[in-house]
Every structure is written in structure tokens, then in C-alpha cells.
Amino acid sequence: MRRPRIAFVDASHGDPGTRRNFRRELDADLVEFDATECELPCDFEYDAVVVTGSRSSVYEDEAWIAQTREWVRAAIEDEGLPALGVCWGHQLLADALGGTVADMGEYEIGYREVERAFDDGDDDADPLLSGLPSSFTAFTTHSDSVVELPPGATEIATNDYGNHGFRVGDAFGVQFHPEYDREMARSVTEGKDELSDDRKQAVYDGITAENYAAACETKALFENFTAYVRAHAADGVAAD
């Protein structure tokens, strides 16, 4: 079966590590768009959509955010494309589909434990996190969160900071960063000027080979997503 053709909506403000990481993890042909430069697909001739993280907030009054929100909403609701949002992308999907994103008033950053909402055997409810344990390690970095899920959405992951994953139809979002390697985790932490030196050092101390190896379990969701996309495309061909 051919590799999925995915519209890759990059909201990272040109960070080269973002594209590097997703190219490594996604077994798909990525057609890349710099959303922060108002680059978006001119049509919906794709098998799926992936939206990345960003240093911005989805509720900021920026033209590129409004344009990205509308294109993603149309791709999901009007065109029926499967979608995956990561961190800011997770929040953008929630916002575009009728949920609410808000400032947490604090920062979650570093390797943290996340809980699945469904048992591994319930793949129909949670195909994205299939194969992950009920509690898993993931790298997190965010100060906004999804405080109200979109209508019809189901929570698939959470921790004591709030929602870490949801599904609505063929759209999935995760707050954590399954694509990160140790280099990215460290460089992102270094760029958080709003954090104290002590807080940064605590995060650096946690960027260990052991924690990274544990977090690599979350990379399975990329394989799960591309498998879901292939099945979705096959169902579309069969229906035709």
C-alpha cells in the first residue's frame, strides 16, 4: 500500500528541529507548510493532516492562527480528513472544533507521567495510544491547556495538570511531545526564559537516557496514526 500523503502544518516559527523530528517519526510523504508565514494548502487532496507545536497561543489575535484554525476545521469537519495535533496542534484542533483553550497560570515541563483513559484492549475507543501502558512517560512543555473538550470528544489521556489527549471522530490530539529526542528536550528547555535557573536545572537533570528510553514508547502513536490513515483511505476507496 502506498505511503500516506499528509499535509504537515508547521506552527513552530521555523524551528528546524520540528521538521527533522516529524520527518523521522512519520512513515508518510509529508507536504510541508509554514503556517506562521501564512502558508497553508490550497486544497484538501491529502490523506490526513498533522499540526505541530508552537511557541504561540491559539487564542492570540494573529492572522496566521485564524487562517490555520479555519483550514484545519474545514479539513476535519467538511472534508473528513483524519488529523493529529501535537501540543499547540492539539490545542488548535480542540479550539477549531469547538473546545476551549486557556492559560494554566503555570508551566508543565519535563518528563512526566501521563495516564491513559482506556485499557489497551479498547482500540476502537483509543486507536492512537494502542499498545501504550496505562501509565506512560512523556516529555511535556506547555503553559496553555485544553480546559473544555470539543462537543462529542472523548478524553484519551490525562495527568494532574489536565487533559493530555482527546479524540473526536477521526481527529486526535496529544498535549505531550512524542516526537522529541533528548537534544530537542534540552534546547526547548534552554529557550524558556520565563523559568528560573533552578527550574531549568531540574528539567535538565531529568533528561536522562532512562527517561528518554521510557518516553520512546509514545512514538508508537505515529505508527498507530499512519495505520489509521491507511485504513481510512482504504475504506474511502472501497466506498467509491
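Rounding to the nearest 0.5 Å gives a distance of 9.0 Å between CG of L128 and CZ of F222. Going from atom CZ of R112 over to atom OH of Y161 covers 5.0 Å, rounded to the nearest 0.5 Å. Here the CZ atom belonging to F139 is positioned 11.5 Å from the CZ atom belonging to R182, to the nearest 0.5 angstrom. Considering CD of E32 and CZ of R23, their distance stands at 4.0 Å, rounded to 0.5 Å. Here the CD1-CG distance, from I76 to L93, works out to 4.0 Å after rounding to the nearest 0.5 Å. To the nearest 0.5 Å, atom CG of residue N224 and atom OG1 of residue T218 are 11.0 Å apart.
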Assess the residue pair Y212 and I207 against the criterion (side-chain contact (heavy atoms from CB on, under 4.5 Å)); give the C-alpha distance rounded to whole Å, side-chain angles, the decisive distance to 0.1 Å, and a yes or no. CA-CA 7 Å; Y212 175 64; I207 303 175; over 6 Å; no
side-chain contact (heavy atoms from CB on, under 4.5 Å) for K200 and D193? Distances and angles first, verdict last. CA-CA 9 Å; K200 285 185 178 181; D193 295 336; 4.1 Å; yes
Go through the steps to decide whether R5 and V31 satisfy the test side-chain contact (heavy atoms from CB on, under 4.5 Å), and finish with yes or no. CA-CA 7 Å; R5 184 170 182 262; V31 185; 3.8 Å; yes
Evaluate side-chain contact (heavy atoms from CB on, under 4.5 Å) for F176 paired with N159, printing each intermediate quantity in order. CA-CA 11 Å; F176 55 90; N159 73 3; over 6 Å; no
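Side-chain contact between Y204 and E190: present, with at least one pair of heavy atoms (C-beta onward) separated by less than 4.5 Å.
In this structure, S54 and W88 approach most closely via the heavy-atom pair N-CB, 3.3 Å. Scanning all heavy atoms of the two residues, the minimum distance from C87 to G53 falls at CB-CA, 4.3 Å. The two atoms that bring A75 and V49 nearest to each other are CB-CG2, 4.0 Å, heavy atoms only. Considering all non-hydrogen atoms of both residues, L129 and A157 come closest at CD1-CB, 4.0 Å. W64 and C38 make their closest contact through CB-SG, 3.8 Å (heavy atoms, listed as atom of the first residue, atom of the second, distance). The two residues F33 and P41 come nearest to each other via the heavy atoms CE1-CG, 3.4 Å.
Using a 4.5 Å cut-off between side-chain heavy atoms of Ile, Leu, Val, Met, Phe, Trp and Tyr, with links allowed through other members, L221 and V114 fall into the same hydrophobic cluster. L30 and V9 fall into different hydrophobic clusters, where Ile, Leu, Val, Met, Phe, Trp and Tyr residues are linked whenever their side-chain heavy atoms come under 4.5 Å apart, directly or through other members. Linking ILVMFWY residues whenever their side-chain heavy atoms come closer than 4.5 Å, directly or via other members, places V203 and Y180 in the same cluster. Transitive grouping of hydrophobic side chains (ILVMFWY, heavy atoms separated by less than 4.5 Å) brings L26 and V174 into a common cluster. Taking hydrophobic clusters as Ile, Leu, Val, Met, Phe, Trp and Tyr residues chained together by side-chain heavy-atom distances below 4.5 Å, L149 does not share a cluster with I156.
Electrostatic pairing of D27 and R3 counts as a salt bridge here, judged by a charged N lying under 4.0 Å from a carboxylate O.
Relative orientation of the F172 and Y228 rings is perpendicular, given thresholds of 30° and 60° on the angle between their planes.
The closest donor-acceptor contact from the side chain of T52 to the backbone of A11 lies under 3.5 Å. The main-chain N or O of F22 is never found under 3.5 Å from a side-chain atom of R20 such that the two would form a donor-acceptor pair. Using a distance-only test at 3.5 Å, with no hydrogens or angles considered, a donor-acceptor pair links the side chain of Q91 to the main chain of D144.
Around CD of E106, the count of heavy atoms belonging to other residues, nucleotides or ligands within 6.0 Å exceeds 12. At most 12 non-hydrogen atoms from other residues, nucleotides or ligands lie less than 6.0 angstrom from CG of D197.
For the side-chain hydrogen bond (donor to acceptor under 3.5 Å, both in side chains) with H164, the lone residue among R116, E115, E108 that qualifies is E108.
Under the salt bridge (charged side-chain N to carboxylate O under 4.0 Å, His left out) criterion, the residue pairs touching residues 67-84 are R69-D95, E70-R73, R73-E77, R73-D78, with sequence neighbours excluded. Among residue pairs with one or both ends in residues 43-68, those qualifying as salt bridge (charged side-chain N to carboxylate O under 4.0 Å, His left out) are R2-D47; sequence neighbours excluded.
With 3.5 Å as the limit, one finds no donor-acceptor pair spanning the side chains of S196 and D198.
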